[in-house]
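Report on the structure given below.
Quick caveat, the model's predicted, so the values are computed rather than measured. Numbered from 1 within each chain, the chains take letters A, B, ... in sequence-line order.
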Number of protein chains: 2
Amino acid sequence: MKPKKRTTIYDIAEKLNITASSVSRALNNSSHVNEETKKLVLKTAAELNYKRNILASNLRKGESKTIGIVVPRINQNIFSNVIAGIEETTYSKDYNLIICQSNESHEKEVKSVNALINQHVDCIVISVAAEGSDYSHLQNVIDHGIKLIQFDRVADEVETLKVLNDNHQASLEGITHLIEQGYKRIALLEGPQNLDIFRQRKQGYLEALKLHNLPVINELIIENAWTKELGAEATRKLLNLPEPPDAIFASTSDFSALGVLEVATSMGIKVPSELGILGYSNEPFTELTSPSITTIDQFSHYMGKTIANLYFQESENKESPVVPRTISVKPKLIIRASTSRRSYK
Amino acid sequence: MKPKKRTTIYDIAEKLNITASSVSRALNNSSHVNEETKKLVLKTAAELNYKRNILASNLRKGESKTIGIVVPRINQNIFSNVIAGIEETTYSKDYNLIICQSNESHEKEVKSVNALINQHVDCIVISVAAEGSDYSHLQNVIDHGIKLIQFDRVADEVETLKVLNDNHQASLEGITHLIEQGYKRIALLEGPQNLDIFRQRKQGYLEALKLHNLPVINELIIENAWTKELGAEATRKLLNLPEPPDAIFASTSDFSALGVLEVATSMGIKVPSELGILGYSNEPFTELTSPSITTIDQFSHYMGKTIANLYFQESENKESPVVPRTISVKPKLIIRASTSRRSYK
DNA sequence: AAATTATGTGCAATCGATTGCATTTATAAA
DNA sequence: TTTATAAATGCAATCGATTGCACATAATTT
């Protein structure tokens with residue numbers, strides 16, 4: 001692969017006996033060029049297979065038309081949908097996306113964020129890793145004059161635009177549904193409590209119990225059970241209690257709920273009659289398990305679009321400072337077989 | 001968000017009363033700087049919260065330390081795994097990934113590729129969209145001196161590095177397994193035949209039939225049935241034939257196989273006893289359906305690592321031209337319930 | 001002590017595109 | 001015909017980092 005020299009505006013200029021300035025103006029469709037010249041430049045550019053060097057352009061203009069996204073994992077339903085939503089909206093405006101995965105590692109998250117700052121992205125969209133409690137790297141983004149939008153898993157203390165679900169409400173509705181189905185000893189698999197979303201889900205759970213005069217039983221609340229494996233482990237423990245729960249709310253994810261289901265099945269416990277299972281996120285597979293899993297849909301695709309629009313909205317009024325604000329999307333309970341012991345069509 | 005001016009090497013230089021050259025050398029750990037100066041620069045850089053402007057650096061150096069990836073959809077198992085594999089390998093070398101989705105649209109694929117060329121990425125890794133047959137945009141990549149690696153769905157005629165599965169072999173093994181399980185009228189749901197991988201899978205199917213002296217029945221071969229919906233539709237047609245198939249190989253994807261399963265279930269046809277189902281890709285959900293779906297694992301994570309290593313290998317010997325070559329990974333048949341009518345543990 | 005070699009630093013050009021200002025040319029107004 | 005105005009183009013600086021070359025100083029060798 002010979003390092004062929006790429007065509008620049010100077011090559012075009014030389015060929016047409018004009019200056020690079022005019023070529024640049026022509027390519028940028030400026031009104032200060034003759035229509036003739038413009039056409040000629042465009043034609044020559046095509047002939048020479050010219051591609052604008054975005055690096056140079058961005059360096060000069062001080063913008064990058066690039067949005068960086070940092071998520072724990074791209075192949076989780078909510079994240080891939082948010083990304084898709086952002087992409088659909090930004091694509092038409094010729095924005096690029098740089099996507100990074102933190103793999104739930106705080107260190108990698110920090111490294112990714114710094115790499116994006118280096119890249120001079122115009123905006124960073126992030127859902128933070130579960131690990132970690134120091135968010136100075138986010139403050140750093142703001143200090144560099146880069147817009148920052150947090151979604152779903154947000155760091156409270158960093159004041160930015162935030163797009164998230166009403167986790168409290170969703171949780172409340174979910175538990176209420178369980179109670180209506182006649183479940184009385186409802187266990188909670190909770191996520192890392194340093195993350196707001198998991199705290200909110202717990203609050204919703206607690207509030208629902210309270211509203212229905214059900215006692216909070218501490219041994220039914222299991223910390224950090226947020227992967228399939230941890231969910232399975234927690235379930236084993238729970239189902240072996242002298243008084244086991246009759247329902248489990250895997251508030252962390254559907255993966256965790258899947259762990260619950262597998263253990264229950266392997267122990268010969270019938271779902272939903274003997275055990276109700278409620279997940280979170282509406283992963284596609286929740287429809288496919290038997291029984292299918294009741295879960296909560298986060299409208300993640302819509303969230304993605306919202307995020308992108310928020311960015312464009314903000315970048316229009318450059319002068320005025322960003323007013324930190326939170327957009328809350330109301331999630332939806334998707335009732336399926338795993339909790340429907342009274343009725344399920 | 002005030003457009004705070006970011007610290008540059010000139011700021012550091014000024015503060016230390018040296019030139020930008022020295023600062024640059026210090027930051028790049030060149031051997032031509034005094035240790036003292038180096039320390040001082042590093043310290044000051046940290047104090048001023050300096051972040052190298054990669055745009056400027058890349059512009060000057062003519063490289064970008066960025067790899068562009070174009071895939072049909074990031075949330076398909078093979079693609080998200082390949083991406084993860086590439087990321088793991090490139091991460092430690094401080095490379096950035098720009099990920100684009102073509103959404104199976106040829107137009108979007110072309111636009112993405114061009115955007116990546118503009119970005120001056122060092123390498124483009126692509127799995128082409130099903131739509132489209134003109135691959136001049138790929139030739140274009142090469143003509144711009146950018147390394148190109150195709151994987152999985154490759155355009156044959158473009159001579160590049162290719163990393164793919166031995167689709168023919170996998171298909172052959174899969175069908176052989178079906179035959180061993182006693183299935184005799186095996187239908188094929190085929191993908192767009194302009195893509196090599198789907199042609200190969202068909203060849204494997206045909207060869208397996210031949211080897212076992214089974215006739216090829218044209219009405220059992222359905223074109224372009226490669227989404228869940230199309231798979232379902234094809235299945236409806238097949239199962240309503242006077243002589244319906246006793247097994248269906250959804251050679252295009254597990255999604256298609258899922259469509260098959262759903263239709264079969266809704267028609268009250270028992271899987272695997274009355275109908276065997278074989279998918280392709282080992283999507284996570286294939287384990288979860290009931291019955292679980294037999295499928296073919298592509299070692300996609302490993303493919304990702306292979307791709308990244310291939311790139312680094314190639315970029316080391318800059319002088320010598322790239323020798324187009326193909327690395328073939330042998331996929332593995334994952335036998336599950338949907339085809340196990342003789343035995344399934 | 002003179003000659004040679006390291007070592008560290010500065011100067012200035014470079015990467016490619018953009019843009020404010022100046023200049024030329026064409027057009028309209030006086 | 002002269003002057004005012006508009007349109008098109010050129011000039012040159014700029015964005016920030018890198019690097020070949022030149023030069024000065026220090027260390028080493030004869």
Side-chain angles (χ1 to χ4, degrees), chain A residues 3-42 44-45 48-66 94 117-122 144-145, chain B residues 3-42 44-45 48-66 94 117-122 144-145:
Chain A
K4 292 197 189 78
K5 214 174 147 311
R6 297 165 62 145
T7 321
T8 70
I9 51 171
Y10 298 97
D11 300 326
I12 301 178
E14 196 176 8
K15 183 148 185 190
L16 294 177
N17 246 352
I18 55 177
T19 58
S21 321
S22 298
V23 176
S24 172
R25 282 190 264 256
L27 292 171
N28 285 295
N29 206 19
S30 149
S31 58
H32 290 277
V33 233
N34 190 299
E35 277 302 322
E36 283 300 300
T37 329
K38 200 178 283 183
K39 268 182 209 154
L40 221 53
V41 167
L42 258 36
T44 315
L48 297 181
N49 199 11
Y50 169 80
K51 292 263 153 51
R52 164 197 276 119
N53 186 330
I54 303 252
L55 295 178
S57 172
N58 290 342
L59 174 59
R60 178 59 226 254
K61 294 201 285 191
E63 65 162 27
S64 67
K65 279 210 166 197
T66 300
D94 276 320
I117 296 177
N118 279 1
Q119 281 285 336
H120 277 214
V121 296
D122 294 337
H144 275 92
Chain B
K4 294 199 187 75
K5 211 168 148 319
R6 297 165 63 146
T7 320
T8 69
I9 51 171
Y10 298 98
D11 300 326
I12 301 178
E14 197 176 8
K15 184 148 185 189
L16 294 177
N17 247 351
I18 54 177
T19 57
S21 321
S22 296
V23 176
S24 171
R25 282 190 265 256
L27 292 171
N28 287 294
N29 204 19
S30 148
S31 58
H32 291 277
V33 231
N34 190 300
E35 277 303 322
E36 282 300 301
T37 330
K38 200 177 283 183
K39 267 182 210 154
L40 221 54
V41 167
L42 258 35
T44 316
L48 298 180
N49 199 12
Y50 169 80
K51 291 264 152 54
R52 166 195 274 118
N53 185 329
I54 303 253
L55 295 178
S57 172
N58 289 343
L59 173 59
R60 177 59 227 252
K61 293 202 283 192
E63 66 162 26
S64 67
K65 280 208 167 200
T66 301
D94 276 319
I117 296 178
N118 280 1
Q119 282 283 338
H120 277 212
V121 296
D122 294 336
H144 276 92

Given A:Tyr50 and A:Ile9, is the side chain to side chain contact (heavy atoms under 4.5 Å, CB included) satisfied, shown in steps? CA-CA 8 Å; A:Tyr50 169 80; A:Ile9 51 171; 3.5 Å; yes

Apply the test side chain to side chain contact (heavy atoms under 4.5 Å, CB included) to residues A:Asn29 and A:Lys38: give CA-CA distance (whole Å), side-chain angles for both, the deciding distance (0.1 Å), then the verdict. CA-CA 8 Å; A:Asn29 206 19; A:Lys38 200 178 283 183; 3.0 Å; yes

So if I take every side-chain heavy atom of [X] and compare against [options], which nucleotide ends up nearest?
X	options	value
A:Lys61	C:dC15, C:dT18, D:dT18	C:dT18
A:Arg25	D:dA8, D:dC15, C:dT19	C:dT19
B:His32	C:dT9, D:dT18, D:dA8	C:dT9

Base, sugar-phosphate, or nothing: which does [X] touch, judged by heavy atoms less than 4.0 Å apart?
X	value
B:Arg52	sugar-phosphate
A:Ser57	sugar-phosphate
B:Asn28	sugar-phosphate

N/O donor-acceptor pair, side chain [X] with base [N], under 3.5 angstrom:
X	N	answer
A:Thr37	D:dT9	no
B:Ser21	D:dT19	yes
A:Thr19	D:dC11	no
B:Arg60	C:dG16	no

With no hydrogens and no angle check, just 3.5 Å: does a side-chain donor-acceptor pair link A:Lys65 and A:Asn58? no

Roughly how many Å is it from [atom1] in [X] to [atom2] in [N], rounded to a whole number?
X	N	atom1	atom2	answer
A:Asn58	D:dA17	CG	C1'	16 Å
A:Ile54	C:dT18	CD1	C1'	13 Å
A:Asn34	D:dA6	CG	C1'	13 Å
B:Arg6	D:dG16	CZ	P	9 Å
A:Asn29	C:dT18	CG	P	12 Å
B:Glu35	D:dA26	CD	C1'	17 Å
B:Ile18	C:dT7	CD1	P	19 Å
B:Ile12	D:dG16	CD1	P	13 Å

Side-chain N or O of [X] less than 4.0 angstrom from OP1 or OP2 on [N]?
X	N	result
B:Thr8	D:dG16	no
A:Tyr50	C:dA17	yes
A:Ser22	D:dT9	no

Around B:Lys15, counting heavy atoms of other residues, nucleotides and ligands shown, do more than 12 lie under 6.0 Å from its NZ? no

B:Glu14 CD to B:Thr8 OG1 distance, which is reported to the nearest 0.5 Å: 9.0 Å

What residue among A:Val41, A:Leu40, A:Asn34 forms side chain to side chain contact (heavy atoms under 4.5 Å, CB included) with A:Ile18? A:Val41

